[in-house]
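All values below were derived from every heavy atom in this structure, side-chain atoms included, with hydrogens, water molecules and symmetry-related copies excluded.
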Amino acid sequence: MENSLSAIGDCVQKRCVVCGEERSHIVASINKGGQIVSVQCPQCGTRSRFKKGEGLNVIARAREGAPYNWASTYRKGQTMLHPTFGLGEVTAVVDPGKIDVLFSDRIRRLVHTKV
Ligand SMILES: [Zn+2]
């Protein structure tokens with residue numbers, strides 16, 4: 001099975017507590033669910049814990065997370081703002097009508113392209 005979630009070596013935006021600046025950090029470890037556990041600052045080498053949803057918030061700012069709409073067609077990597085679950089990122093298109101979306105706590109399966 002292909003792991004479509006975060007992987008070690010990926011880059012995420014995070015504020016480094018040592019440098020005091022927001023910059024790309026390298027993912028240093030992930031859990032079984034494919035969520036980022038810790039990241040490393042490439043500038044000073046500091047390893048820090050990655051808080052749930054921290055990266056998604058930054059990703060959403062960059063890609064503008066539009067409100068979830070089941071009539072829309074989503075692609076892998078798109079972000080959305082769900083009224084109940086909050087901010088999520090599409091991790092996989094399961095079939096033409098279903099998508100897997102990573103929210104801050106876990107992945108949920110949602111419908112899309114529903115007319
Ligand atoms: Zn740093």
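Annotation: side chain of Ile99 is in contact with side chain of Met80 (closest heavy-atom distance under 4.5 Å). For the pair Gln78 and Ser72, the minimum side-chain heavy-atom distance is 4.5 Å or more. Put simply, the side chain of Arg108 does not reach to within 4.5 Å of the side chain of Val101, judged on heavy atoms. For the pair Gln43 and Val18, the minimum side-chain heavy-atom distance is 4.5 Å or more.
For the pair Gln40 (side chain) and Arg47 (backbone), a donor-acceptor distance under 3.5 Å is absent. With hydrogens and angles disregarded, a donor-acceptor distance shorter than 3.5 Å links the side chain of Tyr74 to the backbone of Asn69. Judged by distance alone, with hydrogens and angles left aside, the side-chain atoms of Thr46 form no donor-acceptor pair with the main-chain N or O of Cys41 at under 3.5 Å.
Taking the six-membered ring where the residue is Trp, His82 and Phe103 present perpendicular rings, their angle passing 60° and hence far from 30°.
No single ILVMFWY cluster, assembled from side-chain heavy atoms under 4.5 Å apart, contains both Ile26 and Ile8. If you chain together hydrophobic residues whose side chains sit under 4.5 Å apart, Leu102 and Val37 never meet in one group. Note: the hydrophobic cluster containing Trp70 does not contain Val94 (ILVMFWY, side chain heavy atoms under 4.5 Å, direct or indirect links). If you chain together hydrophobic residues whose side chains sit under 4.5 Å apart, Val111 and Val90 fall into the same group.
With hydrogens and angles left out, the side-chain atoms of Ser24 and Gln13 include a donor and acceptor closer than 3.5 Å.
Taking NE2 from His25 and OG from Ser38, the interatomic distance works out to 10.5 Å, rounded to the nearest 0.5 Å. Between the CD1 atom of Ile30 and the CG atom of Asp10 there is a distance of 8.0 Å, given to the nearest 0.5 Å.
Considering every non-hydrogen atom in both His112 and Lys98, the closest pair reads CD2-N, 3.5 Å. Of all non-hydrogen atoms in Ala92 and Lys76, the two that sit nearest each other are N-CG, 4.5 Å.
Arg23 meets the salt bridge (Lys or Arg N to Asp or Glu O under 4.0 Å) test with Glu21; sequence neighbours excluded.
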